[in-house]
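Worksheet for the structure shown next.
Order of the sequence lines sets the chain letters (A, B, ...), proteins ahead of strands, with each chain counted from 1.
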Amino acid sequence: MEEVRVRFPPSPTGYLHIGGARTALFNWLFAKQHNGKLILRIEDTDEERSTQASIDGIIDGLQWLGIDWDEGPYFQTEFAADHIAAANRLLAAGHAYKCFCTKEELEKKRETALAEKKREVGYDGTCRHLSAEQISEKEAQGLDAVIRFKVPERPGTMFYDDEVLGRIERAYSEIEDFVIVRSNGKPLYLLCNVVDDIRDRITHIIRGQDHMTNTTRQVLLYEALGAKLPVFAHMPLTLDLQKRKISKRSHGEIVAVQFYRDRGFIPWALCNFLCLLGWNPGTDQEFFSRDELIEAFSLSRMSRVNSVFNFKPGDPKFFTDPKLIAVNEHYLRTMDLEQLGALVRRELEAEHLWEPAYETSRRDWFLATLGMIRDRFHTLKDFTAAGRAYFSDSYDIDPKPLAKNVLKFPELRDWLPLLAERFAALTDFSALESERVCRELADELAVKPGTLINGMRTVLTGQLAGPSMFDVVVALGQERVVARLRHIDRLFAAA
RNA sequence: GUCCCCAUCGUCUAGCCAGGUCCAGGACACCGGCCUUUCACGCCGGCAACACCGGUUCAAAUCCGGUUGGGGACGCCA
C-alpha cells in the first residue's frame with residue numbers, strides 16, 4: 001500500500017496561531033495513525049512578509065506542542081527552479097499563456113465593473129487569445145508579462161471528492177484564468193504549492209475550508225501537470241465569538257500558541273482541546289492520551305461546521321476559552337506526578353526557586369507537595385504564584401485574607417507566636433499532633449479553632465484558601481512553620 | 001454582487017447518511033445541594049437547543065425544496 005504522506009505548510013508571516021496548530025495537529029494525527037510521514041514545509045515565497053522570527057516561532061510552537069515531523073523543514077524558496085520549470089512546461093504545452101495586462105489596467109477594469117454592474121469580475125481573458133505574433137511584438141516592446149493558467153474551455157463542472165465534505169463541484173466557466181508566475185518571474189503560491197506537493201509525494205491534503213477555492217484551481221493544475229490527485233480534506237474553520245476568522249492580526253496574542261506556553265498551559269492539554277474543535281470521536285470521551293487520540297482520529301468524523309473559539313477580551317474568566325482552561329485543569333490534577341514535576345521544575349527554574357534536592361533527597365517531598373496543591377490550580381504558573389510559599393520564604397500575602405483572617409483579629413499578634421512555641425516544642429511534628437496542639441490552644445484561649453487555623457493559613461501560605469491546614473503544616477516543615485508564625489509583627493505593622 | 005461551504009443548548013458537540021427507541025444525550029460555563037474549620041477537588045441535581053416555511057411519510061432533528069442567517073473565496077498574498 002502506498003505510504004501516507006501529509007504536510008504542514010505554514011507561511012512564516014506571523015507566529016503559529018491556534019488555527020494553524022490545529023491544522024498541524026490533524027495532519028500529525030493522520031500521519032501517525034497510518035504510519036505515514038508528516039512533512040514540514042515553510043512556504044516563504046512572499047519575500048516581503050516572511051521573517052526569520054516567524055520561522056523560529058512556528059518551529060518552537062510545534063516542538064512545544066509535541067508535534068514532530070518526519071521530513072523538513074523544507075523551504076519553498078529553495079525549489080524555485082522546480083516551480084519555474086513547471087510553469088515553462090505548462091506554457092509549452094498550451095496550458096498557460098503570457099498576459100501583458102498591467103496591474104493598473106486590471107484594477108481599473110475591476111473598479112468599473114464594480115461601479116457599473118455592482119459586482120466583482122475575474123480576469124476577462126484579454127491576453128488569452130493573443131497570436132504568436134502579437135506576443136513577440138509585445139515582448140519586443142519590453143512589456144512585462146505574468147503567466148496565467150489557461151482554464152480549460154469545457155462545458156459543465158469540474159469536481160473532486162472531499163474526505164469531509166463529499167463531492168465538490170464547480171463550473172469551469174466560474175474559474176478565471178489565474179496567475180501562476182509574477183511579472184518579475186517569481187512563481188505564486190497556487191503553482192508552488194502543487195509542484196511541491198507533487199515532488200514531496202503528498203497523498204492527503206488536510207487544510208482549512210478557506211482553501212476550497214484554491215483547491216478547485218489546483219485540481220486543474222494537477223491535471224495539466226499530469227500528476228495524480230491527492231485526497232483533499234477541508235476542515236471547518238475556527239471563528240471568534242463574532243464569527244470572524246481568528247487571526248493574529250485582529251485577535252492578538254490570545255490566538256498565538258506562544259501565549260499558552262507563557263501562561264502555563266500543558267502542551268497536550270492544548271492539543272486535546274484543539275482536536276475537539278471540529279472533530280469528535282463519536283463517543284463521550286473527551287480526554288485522550290496521545291496514543292488514544294492517534295487511534296481514535298478519523299477524517300470521516302470531522303465536522304463540516306465552523307466552530308467558535310469562546311473568549312471575551314477583557315473578561316478575566318474568559319481570557320481564553322473556558323473549556324480549554326477546564327481541560328488544562330483536568331490534566332494538571334490527573335497527570336502523572338513525575339511528568340507534572342518536570343513541567344513545574346521549569347517554572348521554578350524560571351523563578352530561581354528550583355533546588356537540585358527536589359530531584360534527589362527531597363524528591364518524594366516535592367512530588368507529594370505538588371500532588372497536594374495542584375487541585376486548586378489552573379495553570380503551571382500557579383505553582384510559583386499561589387503556591388510560592390511552598391518553595392520560598394519570600395512570598396506575598398494576599399491582602400484580602402490578610403484583612404479577613406488576620407488583621408480583623410488583633411489578638412492573633414500574640415496567639416500565633418504562642419502557637420509557634422507549641423509547635424516548636426513538638427517532637428512528632430505530624431498532621432495529627434499539630435492539629436491537637438492547635439485545638440488545645442484554641443480551647444485554652446476560648447476562641448474558635450477556625451480563627452487560629454484561618455489566620456495560620458494566611459500567614460503560612462499567603463492565601464485565602466488551600467489544602468487541609470495540617471497537611472500544609474507538615475509539607476512546610478516544622479522549622480518554616482515556626483519561623484513564619486513567630487514573625488508576624490511586620491504584618492500588623494504594615495497595616 | 002458571484003461562486004462554494006454550513007445551520008442542534010451561551011460555547012464545544014452526539015444523534016442525521018440506513019426516519020420511529022429523541023417532549024433530543026454528553027462536556028464546558030452558569031445556578032443549587034452534599035462534603036469541608038477555608039477554598040478547591042469530588043459527588044448529586046438544575047437551567048438551556050433541533051433557524052424558519054413548505055413538501056414526502058402512519059411517523060421528520062433526521063429525507064426533499066425554498067427562505068433566512070452565518071462563514072469562506074473572489075490578489076502579480078500564502
What's the [atom1]-[atom2] distance between [X] and [N], to the nearest Å?
{"X": "Phe309(A)", "N": "rA29(B)", "atom1": "CZ", "atom2": "P", "result": "15 Å"}
{"X": "Leu237(A)", "N": "rC6(B)", "atom1": "CG", "atom2": "P", "result": "13 Å"}
{"X": "Tyr74(A)", "N": "rA78(B)", "atom1": "OH", "atom2": "P", "result": "21 Å"}
{"X": "Leu277(A)", "N": "rA14(B)", "atom1": "CG", "atom2": "P", "result": "12 Å"}
{"X": "Asn405(A)", "N": "rU37(B)", "atom1": "CG", "atom2": "C1'", "result": "11 Å"}
{"X": "Gln463(A)", "N": "rU37(B)", "atom1": "CD", "atom2": "P", "result": "20 Å"}
{"X": "Asn306(A)", "N": "rG72(B)", "atom1": "CG", "atom2": "P", "result": "8 Å"}
{"X": "Asp162(A)", "N": "rC4(B)", "atom1": "CG", "atom2": "C1'", "result": "12 Å"}

Side-chain N,O ([X]) to OP1/OP2 ([N]) below 4.0 Å:
{"X": "Arg244(A)", "N": "rG70(B)", "result": "no"}
{"X": "Arg167(A)", "N": "rC4(B)", "result": "no"}
{"X": "Lys404(A)", "N": "rU38(B)", "result": "no"}
{"X": "Thr45(A)", "N": "rA78(B)", "result": "yes"}

Under 4.0 Å, counting only non-hydrogen atoms across every strand here, what does [X] touch: a base, just sugar-phosphate, or nothing?
{"X": "Lys103(A)", "answer": "base"}
{"X": "Gly278(A)", "answer": "sugar-phosphate"}
{"X": "Asn193(A)", "answer": "nothing"}

So if I take every side-chain heavy atom of [X] and compare against [options], which nucleotide ends up nearest?
{"X": "Ala465(A)", "options": "rG26(B), rC5(B), rC39(B)", "value": "rC39(B)"}
{"X": "Asp46(A)", "options": "rC6(B), rA78(B), rC4(B)", "value": "rA78(B)"}
{"X": "Ile453(A)", "options": "rA27(B), rC4(B), rU37(B)", "value": "rU37(B)"}
{"X": "Ser468(A)", "options": "rU37(B), rC6(B), rA73(B)", "value": "rU37(B)"}
{"X": "Asp284(A)", "options": "rU37(B), rG26(B), rC12(B)", "value": "rG26(B)"}
{"X": "Ser307(A)", "options": "rU13(B), rU37(B), rA78(B)", "value": "rU13(B)"}
{"X": "Ala326(A)", "options": "rC28(B), rC6(B), rC74(B)", "value": "rC28(B)"}
{"X": "Leu239(A)", "options": "rU38(B), rC77(B), rG71(B)", "value": "rG71(B)"}
{"X": "Asn454(A)", "options": "rC5(B), rG10(B), rU38(B)", "value": "rU38(B)"}
{"X": "Val308(A)", "options": "rU13(B), rU11(B), rU38(B)", "value": "rU11(B)"}

Parallel, tilted or perpendicular: which fits the ring planes of His95(A) and Phe149(A), with parallel below 30° and perpendicular above 60°?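 Ring orientation, 0 to 90° scale: parallel.
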Could you measure between the two [atom1] atoms, the one in [N] and the one in [M], and give it in whole Å?
{"N": "rA49(B)", "M": "rC23(B)", "atom1": "P", "result": "15 Å"}
{"N": "rC74(B)", "M": "rC17(B)", "atom1": "P", "result": "35 Å"}
{"N": "rG25(B)", "M": "rU37(B)", "atom1": "P", "result": "37 Å"}
{"N": "rG10(B)", "M": "rA24(B)", "atom1": "P", "result": "15 Å"}
{"N": "rC43(B)", "M": "rA48(B)", "atom1": "P", "result": "24 Å"}
{"N": "rA61(B)", "M": "rC22(B)", "atom1": "P", "result": "13 Å"}
{"N": "rC63(B)", "M": "rU8(B)", "atom1": "P", "result": "14 Å"}
{"N": "rG69(B)", "M": "rC64(B)", "atom1": "P", "result": "23 Å"}

On the ring face of Phe79(A), is Arg199(A) found with NZ or CZ under 6.0 Å from the centre and within 45° of the axis?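 Because its charged atom sits under 6.0 Å from the ring centre and within 45° of the axis, Arg199(A) does stack over Phe79(A).
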List every contact pair, protein side and nucleotides 40-43 of chain B side both N or O, where the distance is under 3.5 Å.
| from | atom 1 | to | atom 2 | distance (Å) |
| --- | --- | --- | --- | --- |
| rA40(B) | O2' | Asp375(A) | O | 3.1 |
| rA40(B) | N3 | Arg376(A) | NH2 | 3.2 |

[X] (side chain) and [N] (base): donor-acceptor pair under 3.5 Å:
{"X": "Ser183(A)", "N": "rC76(B)", "value": "yes"}
{"X": "Arg49(A)", "N": "rC77(B)", "value": "yes"}
{"X": "Asn310(A)", "N": "rA29(B)", "value": "no"}

Counterpart base for [N], defined by Watson-Crick or G-U wobble contacts under 3.5 Å:
{"N": "rG10(B)", "value": "rC28(B)"}
{"N": "rU2(B)", "value": "rA73(B)"}
{"N": "rC22(B)", "value": "none"}
{"N": "rU38(B)", "value": "none"}

Any chance the side chains of [X] and [Y] put a donor and an acceptor closer than 3.5 Å?
{"X": "Asp196(A)", "Y": "His83(A)", "value": "yes"}
{"X": "Tyr260(A)", "Y": "Thr320(A)", "value": "yes"}
{"X": "Asn405(A)", "Y": "Thr458(A)", "value": "yes"}
{"X": "Asn27(A)", "Y": "Arg7(A)", "value": "no"}

Ala171(A): partners by side chain to side chain contact (heavy atoms under 4.5 Å, CB included), with sequence neighbours left out: Thr157(A), Ser173(A), Glu174(A)
Give the intermediate values and the outcome of side-chain contact (heavy atoms from CB on, under 4.5 Å) for residues Ile168(A) and His234(A). CA-CA 11 Å; Ile168(A) 303 297; His234(A) 290 102; 5.8 Å; no
First of Pro322(A) and Met212(A) reached from the 5' end of RNA chain B, by closest nucleotide: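 Whichever sits nearer the 5' end wins; that is Met212(A).
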Contact residues, residues 264-274 of chain A to RNA chain B [heavy atom, < 4.0 Å]: none
Mind checking whether Phe470(A) and Glu433(A) have side chains closer than 4.5 Å, heavy atoms only? no
Does Arg388(A) come within less than 4.0 Å of Asp396(A), counting only side-chain N to carboxylate O? no
Can the ring centres of Phe297(A) and Phe26(A) be said to be less than 6.0 Å apart? yes
So does Glu295(A) have more than 12 non-hydrogen atoms from other groups sitting under 6.0 Å from CD? no
Do any N or O atoms from the side chain of Asn88(A) and from the backbone of Ala85(A) form a donor-acceptor pair under 3.5 angstrom? no
